[in-house]
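Here is the structure we will look at, set down as structure tokens.
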Protein chains: 2
Amino acid sequence: MQPTETAPGGRPRRSDATRAAILEAARERFASDGYERATIRAIARDAGIDPSMVMRYYGTKEGLFAAASEFDLRLPDLAAVPREEAGAVLVGHFLERWEEDETLNALLRVGVTNPAGAERMRALFQEQVAPAVAAVCPDPELAGTRAALVVSQILGMAVSRYVLRFPPAAGMPRAEAVAWLAPTVQRYLTAESP
Amino acid sequence: MQPTETAPGGRPRRSDATRAAILEAARERFASDGYERATIRAIARDAGIDPSMVMRYYGTKEGLFAAASEFDLRLPDLAAVPREEAGAVLVGHFLERWEEDETLNALLRVGVTNPAGAERMRALFQEQVAPAVAAVCPDPELAGTRAALVVSQILGMAVSRYVLRFPPAAGMPRAEAVAWLAPTVQRYLTAESP
DNA sequence: AGTCTAGGTCAACGCCCGTTGGCCCCTGCC
DNA sequence: GGCAGGGGCCAACGGGCGTTGACCTAGACT
């Protein structure tokens, strides 16, 4: 038996480079192919190692996905920006994050067809988005609803732009997308009622 | 050789019931499982026939999906409703359609992980949504952008509500969702600029 | 009544998948 | 310099997949 996991502060292992290569290849494949078509064999090939190594380090395909889909949105503290700019800041941050890290695309593609992936997305929503949104909500009891509305608009743009690639959405400069979406998100965050 | 297709006006075939059962089972499976996990064997089992019949009538799994994903959004003529209600009408119609026919969910789930499915969604956008939106756009050259924005909001709500099932979005009464989204869509349809 | 064809079943094919177990080699330690 | 153990490869497994072709069967037409 050999250790498959170490506390984050543990001594570096000789296999760390391989582990990282596997994770990177996995994120790429999950992001572009979804869960079922992202095969362990293809991921291993991308990482330049044998498929059995993936099993050794991550136990199972589901375990690999769990490790590859760990993600920090790094949401800004919305209480620290001018109240009327919260919407623009949030939209800009999300789109930027989506373009710089393929993990979000992996989460989205897997979340849509795989129950475990959907659960991951719900956790991301509850643990990261909802609290960040609650920080600028006028009414605590509506915070969940507001967060869901915000996410619906941002998620929809991400699907249109990065996944389905509707020409007008995919071709739109990011600044233009932010300009259109910001007032919407601002309203969801702070408007008294619909 | 035997005919696999007949002109829409053709005489009814003895196999029409079977063909319909296959299509219904296929839509159900594609909607709940996505393309890869919706197996021909499972669809045939649901339809109460042998898997080879599916191949006989639809040629290939891709052909089956093409047939099962034919869809008419039945979008209303937006020029016929009061200008300021276009947003509410459009949102309400989409959510209703999403709940009454699982084909839309099948399209969405497959579109996210399958290239052919994504192409289908783009065709739906271009052939049905874009023209309907153009009917109320003040500026023809911006119609495509406006349609994409509208779709991004509606698609995002559908993903949140029906696919990922974020609790606040999934639990929200449809009327409340419409009330929140309507002003957004209205603005995308008619506002001069962001 | 006899024939022909469309509707349907069955068994198999080849392929690829996730996963396993055995084996080798290299490295760091005593 | 031996040796333990982690890093790595290889070959195989059982199973499920899409797809095929041979084979029955029952109805419609003449």
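Just so it is clear: chains get the letters A, B, ... in the order the sequence lines come, proteins before strands, and each one is counted from 1.
- Between B/T18 and B/I22 there is a side-chain heavy-atom pair separated by less than 4.5 Å.
- Heavy-atom nearest nucleotides on DNA chain C were determined for A/E36 and for B/T18, and the one closer to the 5' end corresponds to B/T18.
- Counting to the nearest Å, the P atom of D/dG16 and the CG atom of B/D33 are 16 Å from each other.
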In sequence, state the C-alpha distance, the side-chain angles, and the governing distance for A/Q153 and A/V91, and then conclude on side-chain contact (heavy atoms from CB on, under 4.5 Å). CA-CA 9 Å; A/Q153 174 59 96; A/V91 174; over 6 Å; no

All N/O donor-acceptor pairs, side-chain side in residues 61-68 of chain A, below 3.5 Å, sequence neighbours left out:
{"unit_1": "A/K61", "atom_1": "NZ", "unit_2": "A/Y35", "atom_2": "O", "d": "2.8"}
{"unit_1": "A/K61", "atom_1": "NZ", "unit_2": "A/A38", "atom_2": "O", "d": "3.2"}

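- For the pair A/D16 CG and D/dG8 P, the computed distance is 10 Å after rounding to whole Å.
- The CZ-C1' distance, from B/F65 to D/dC17, rounds to 19 Å in whole Å.
- For the pair B/R37 CZ and C/dC17 P, the interatomic distance rounds to 17 Å; values are reported in whole Å.
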Distances for protein N/O vs nucleotides 19-25 of chain C N/O pairs under 3.5 angstrom?
{"unit_1": "C/dT19", "atom_1": "OP1", "unit_2": "A/T60", "atom_2": "OG1", "d": "2.7"}
{"unit_1": "C/dT19", "atom_1": "OP2", "unit_2": "A/K61", "atom_2": "N", "d": "2.9"}

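- Using a 4.5 Å cut-off on side-chain heavy atoms (C-beta onward), B/V150 and B/L189 make contact.
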Counting only pairs under 3.5 Å, give me each side-chain donor-acceptor contact of residues 158-171 of chain B, with atom names and distances, residues two or more places apart or in other chains.
{"unit_1": "B/S160", "atom_1": "OG", "unit_2": "B/G156", "atom_2": "O", "d": "2.9"}
{"unit_1": "B/R161", "atom_1": "NH1", "unit_2": "B/A169", "atom_2": "O", "d": "3.1"}
{"unit_1": "B/R161", "atom_1": "NH1", "unit_2": "B/M172", "atom_2": "O", "d": "2.6"}
{"unit_1": "B/R161", "atom_1": "NH2", "unit_2": "B/E99", "atom_2": "OE2", "d": "3.3"}
{"unit_1": "B/R161", "atom_1": "NH2", "unit_2": "B/M172", "atom_2": "O", "d": "3.4"}
{"unit_1": "B/Y162", "atom_1": "OH", "unit_2": "B/E99", "atom_2": "OE2", "d": "2.6"}

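- Side chain of B/M53, nearest nucleotide from C/dT9, C/dC17, D/dC9: C/dT9.
- Relative to the side chain of B/R14, the nucleotides D/dG6, D/dG27, D/dC9 differ in distance, and D/dG27 lies closest.
- Counting heavy atoms from C-beta on, the side chains of A/L108 and A/W98 come closer than 4.5 Å.
- One can place CZ of A/R13 at 16 Å from C1' of D/dG8, the figure rounded to the nearest angstrom.
- To the nearest angstrom, C1' of C/dG8 lies 11 Å from CD1 of B/I22.
- Looking only at side-chain heavy atoms (C-beta outward), B/H93 and B/R74 come within less than 4.5 Å of each other.
- Phosphate proximity of C/dA6 to B/Y57: absent, as no side-chain N or O sits under 4.0 Å from OP1 or OP2.
- Rounded to an integer number of Å, the gap from CZ of B/R45 to P of D/dG18 is 11 Å.
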